[in-house]
Every structure is written in structure tokens, then in C-alpha cells.
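What follows is a single structure, written as C-alpha cells, with notes after it.
Chain letters run A, B, ... following the sequence lines, proteins first and then strands; every chain starts at 1. All values below come from the heavy atoms of this structure, side chains included, with hydrogens, waters and symmetry mates left out.
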There are 2 protein chains.
Amino acid sequence: MYNLLALKLQRFVSLSDGDIDALSNVCRQSIRTARARRDIIREGDTPHHVKLIVDGWAIRYKMLPDGRRQIVSFLLPGDLCDLNVFLLDEMDHSIGALTPVTYAELPHDLIETMCDHRRAIARALWLESLVVAAIQREWTVSLGQRTARERIAHLFCEMFERLETVDLTEEDRCEMPLTQIDLGEATGMTAVHVNRTLQELRREGLIVLNNRILTIPDRQALMAVGMFNPNYLHHRHPKCETAPSSAMG
Amino acid sequence: MYNLLALKLQRFVSLSDGDIDALSNVCRQSIRTARARRDIIREGDTPHHVKLIVDGWAIRYKMLPDGRRQIVSFLLPGDLCDLNVFLLDEMDHSIGALTPVTYAELPHDLIETMCDHRRAIARALWLESLVVAAIQREWTVSLGQRTARERIAHLFCEMFERLETVDLTEEDRCEMPLTQIDLGEATGMTAVHVNRTLQELRREGLIVLNNRILTIPDRQALMAVGMFNPNYLHHRHPKCETAPSSAMG
DNA sequence: CGGCTGCTTGAACTTGTTCAACAGCGGTGG
DNA sequence: CCACCGCTGTTGAACAAGTTCAAGCAGCCG
């Protein structure tokens, strides 16, 4: 298995060959799969491993007592879930597979020792979790301020950029395995309205979406509609790139 | 200055006297103040210190190019901002003072060495940042799924609980220095609608709010309206505490 | 006093929801 | 092989939640 996690962390820090080997080792631990539309872990469970998505799409979601559901983030190949495992007693949200998902279960202790010995990795992991928080803030902005059309445009831009960093795009296309219901649960609108909004975007030539493939003919145009500014994804040039040392564990 | 940060981190781990001294030391560094309604740091700036709110309320917010503004979180006494400073090159959001704010500027290196020598503190700080992310997820749920009335109720419950942990409540009362405009920018609605929603909650006896003092006569009732489940604040029994573990709602 | 900010109210309006029906498609079982 | 089911996407029409615009009022502060 080619090392997605290393690919991703290298956006943040430069990793030595030793670092990369260590990562590969950890990721080779138990590999598991989940069927599409099944939960991987539920709110209230005690997580026992950090999970690394290797293939497929998953969602982080929360439910209200009356059944309303909000998808709070998407987990793509290379993404970690349950870093919480180190610290929190129980899950305050659930994680479900959207498509069939392959993931690796990384034992705590392995990660902890790895972080102790390889500060670059420790730093990169922490950075990764700060980026996750930044994405969550941007979703807050979308749901709070953007209109339906802007939300969808913004989400597509975000997903496309995230997929790019793990090499899962092809020219102006990427997979988009979400149903309109999923899109609704992520953007805080009904599936009916998602449908009408998608049609509008299609009519204007901003997106092509069929057979679960999304094409973005004019990226700048879609970014403008969604007021998408990729700064919050922090894809490039972290300050630490030259500065080795430091960090917390 | 009595040590708020220690008070807060002790929710997560037990700190030795040495730890507490170390924290007090770091927090005694340069103390600064910001006038109400002024920015403390702006999007695009390079942060140079971690900041600890000592007194007053601040907000984290993002603006869209056309001027719409979303408050993405509130910063209360004991809260840290810009932990990002360790890792990210520039701010992807701004921080502003809501009331007059007193804050301490903590130099990197001091924090780094403290974390290196005092693992309990390092762990607690990381935990703290995971809780911040959990709160952000819950805001996503509010904005995506809750109605106006539920959002306000939920926000008030959250703020009250957070204030409680730093001893800033008195019986069923706390300060609530937000204008209706602020509330609107935090909950993704217009000030006009905030106004009508507040009136509704008042009429039903769920809240009393005047002179910037919020009173919650029946906490359970307000929690029910907002579908507030405090689990995401992770206020108690982290796994590391020796925790007898638990069950919560 | 005058000007500012924040709160309140009403009325028209817009965005997005709800309900309901139907079409297409793939899978399953008789 | 066909009938049937469940899921996704699509459409229309009535409806509700929240917005916009506009005005007025109260309190505060220089």
C-alpha cells in the first residue's frame, strides 16, 4: 500500500525516509473494511484505535434526538479519524461509510511512540488537526452566511481541492459519490432544494454532475460563486518547513 | 493573577503543584488589553504569540468578500487563541474584542519548553484543542439543523456551561454582553429575527435577559428546547483521570 | 442638546420547506 | 423472464421560516 498519509503530511513538514518508513509501518497494521452506508463508530462508543481512511468516502455526523441529521465533515482517503482516542472518553458524534471504505486501525501506543521519536510526524499530526478545525470553521461560515447556491459551490470547491492533494482528481473531474440527500445533510438544506440548486448550477455551466462524477469546467467561476478562498485549507508553505525542532507531543 | 488556565486544564488532567507554577509563570508574561469592539488580530496576519484571554469576551470571526460576517466562536476567560501560531503561517480568520479584553501573550518558546518538560500540560493543551473542534462541530449542527429558537436556546446553554467551568456564573445567571446583532452573526440570522426569537423565549419564561445579564430560570427546560446535550464539551472524567468511566445521556 | 447605538415593531417579500406524485434504475425473488 | 421493491432524482404547488426595508423609540455620552 502506497503511503497516502505520508503524502498528505508532507504538505506540512518535510519527512525523512525514516519518518516515511515509520508511517508506512503504522499504516500497515490491521486493515479493515466497511460496507457502504454502515456506521464505523457511533456516538457514545469508546474508540479504541485511530483510524486512517485508505479508500472510499466516510462522513462524520451528528443526530438530534428527533432524527434530524447533520453531516459535519467528509473523510477522504488519507484522513485520520478519532485522534480523540488519545484523550476523550467517548465519541460525541458518529462516523459512517458513504461508499465502501477501507481503513487502517492504528493502535495508540504505536502512534504515541512514533510521535515521541519522530517530532516531525508529531508536528504534522497536530497541524493536521488544526486544519481540520479550520475546515470546520469554514463550514460554520457556509451554513451561517452562504445561500444555497453558494454553499453547494463552496462545498464542491473544497472537496475538489482536498481530493487534489491526495491525487484523486483527473483534470477538472473528481468522484462525487454523494446523493442529493447527503448533500442536503451536509449543507443544511432539503434534498428537494439541493436538486433545484444543482439544476441551476448546471444550467449556468458551472458544474457537470452525473454518474457520481463531478466536472468543474471553470474552476475560477465556481470559486467566485461560492466565495471560496482556499487559505483555510493551509495546503502550502507552513512556517516550519525550514525549522526542524520543536513541537509538542 | 489567579490562574484561570490551570483551573480549566484541570478539568482534563490532574496537575501537580509544579505544573501549576509553570502555568502561572507563563501566564504572567506580557499582559495586554484591547478596547471593546477592536480587533486583536486580523485574517492574513502572522501571529507571534499564543494569547490567553484573562478577562472579557472575544470573538473569532470570518468575513465574506461582500461584507457578510460570521462569528465562528466565542472566546471566554481561560480560552487560548492562536495555538495555530506554532504551525500555520497566517491567520485564516480574525479575532476581535467584544467587551474590553485583558489577555496574556505567551511566547512560543516558553510554551514549547513547558510542554516538553510537563507532559500533563502538553496533553491538556491538546485535549483543549480537541474540545474546541468538538464545539465547532456542534455549531455546524446548530446552523444546519436547528431552528431559530433552538439555536438561541442552544447557544445560551453552551455559553452558560462554559462560563460555569471558569466560575463566571452565579446561580442561574451569567453575563451576556452580546448585542442582538452579535447573536445574529453567531447564529446565522438577522438581528430582527433574533429580537423576535428572544421575545418568544422570554414570553415563555425560558430566559430573562436585560442589562446584559442572562438568567435561566429552568435550565432543563431551556436545554430541552435547544436539544442541548453537553457531552461535546467534555467537561468531566477524561479517560486519563483514572476515570471510573461512565454513562451519559 | 444632538447623535449614536441598540432594541422594537409592522408589512411586504424571498428563500427554502413540505407534501405529494411520478419516473428511472438496479436488484431480488418467484 | 418478469413483477416488484426500494432508492434516487425530478417536478409542482402550497406553505412557513426567516429577511428586508422602514420607521420609531429609549438610553447613553460627549
For the residue pair A:E158 / A:W139, report whether a side-chain donor-acceptor contact shorter than 3.5 Å exists.
yes
Between A:R42 and A:D45, does any NZ, NE, NH1 or NH2 come within less than 4.0 Å of an OD or OE carboxylate oxygen?
no
Six-ring centre of B:Y61, B:R69 cation under 6.0 angstrom, axis tolerance 45°
yes
All N/O pairs under 3.5 Å across the protein-nucleotides 20-25 of chain D interface:
{"unit_1": "D:dT20", "atom_1": "O4", "unit_2": "B:R196", "atom_2": "NH2", "d": "3.2"}

Any B:R212 side-chain N or O less than 4.0 Å from OP1/OP2 of D:dG27:
no
What integer distance in Å separates A:E200:CD from D:dT11:C1'?
16 Å
Are more than 12 heavy atoms from other residues, nucleotides or ligands located less than 6.0 Å from atom CD of B:E170?
no
A:K8 vs A:E128, salt bridge (charged side-chain N to carboxylate O under 4.0 Å, His left out): CA-CA, chis, key distance, verdict:
CA-CA 9 Å; A:K8 204 162 165 218; A:E128 164 69 12; 3.1 Å; yes
Interface residues of residues 138-158 of chain A with DNA chain C (non-hydrogen, below 4.0 angstrom)
A:T147, A:A148
Reference residue A:E105; test side-chain hydrogen bond (donor to acceptor under 3.5 Å, both in side chains); the match among A:K51, A:H48, A:Q29, A:R32:
A:R32
Report yes or no: do A:Q70 and B:T140 form a side-chain donor-acceptor pair below 3.5 Å?
no
Between the two end axes of the helix from C:dC1-D:dG30 to C:dG30-D:dC1, each built from 5 base pairs, what angle do you get to the nearest 10°?
30°
Roughly how many Å is it from CG in A:L198 to C1' in D:dG9, rounded to a whole number?
10 Å
Partner set under ring pair (Phe, Tyr, Trp, His ring centres under 6.0 Å) for B:W57, not counting sequence neighbours:
none
Interatomic distance where CE belongs to A:M189 and C1' belongs to D:dG18 [whole Å]
16 Å
Nucleotide D:dA17, atom C1' - distance to CZ of A:R68 in whole Å:
13 Å
Gap between atoms CZ and C1', on A:R203 and D:dT10 respectively (whole Å)
13 Å
Check whether any side-chain N or O of A:N195 sits under 4.0 Å from OP1 or OP2 of D:dG9, and answer yes or no.
no
Determine whether more than 12 heavy atoms belonging to other residues, nucleotides or ligands lie under 6.0 Å from atom CZ of A:R35.
no
A:D92 vs B:E138, test: side chain to side chain contact (heavy atoms under 4.5 Å, CB included). Steps then yes/no.
CA-CA 9 Å; A:D92 59 13; B:E138 191 65 37; over 6 Å; no
With sequence neighbours left out, what residues match A:F160 under ring pair (Phe, Tyr, Trp, His ring centres under 6.0 Å)?
none
What is the first contacted nucleotide of DNA chain C and what is the last, in 5' to 3' order, if contact means an atom lying under 4.0 angstrom from a heavy atom of chain A?
C:dG16 to C:dC19
Return the value, rounded to whole Å, for the distance between atom CD1 of B:I181 and atom P of D:dT19.
14 Å
4.5 Å side-chain heavy-atom contact, B:S94 and B:R60:
no
Taking atom types as modelled, is there a side-chain donor on A:S142 or A:E150 under 3.5 Å from an acceptor on the other?
no
Hey, does B:R202 reach any base, or is it just sugar-phosphate, or nothing, if we go heavy atoms under 4.0 Å?
sugar-phosphate
Taking side chain as C-beta onward, heavy atoms only, is A:L143 less than 4.5 Å from A:R151?
yes
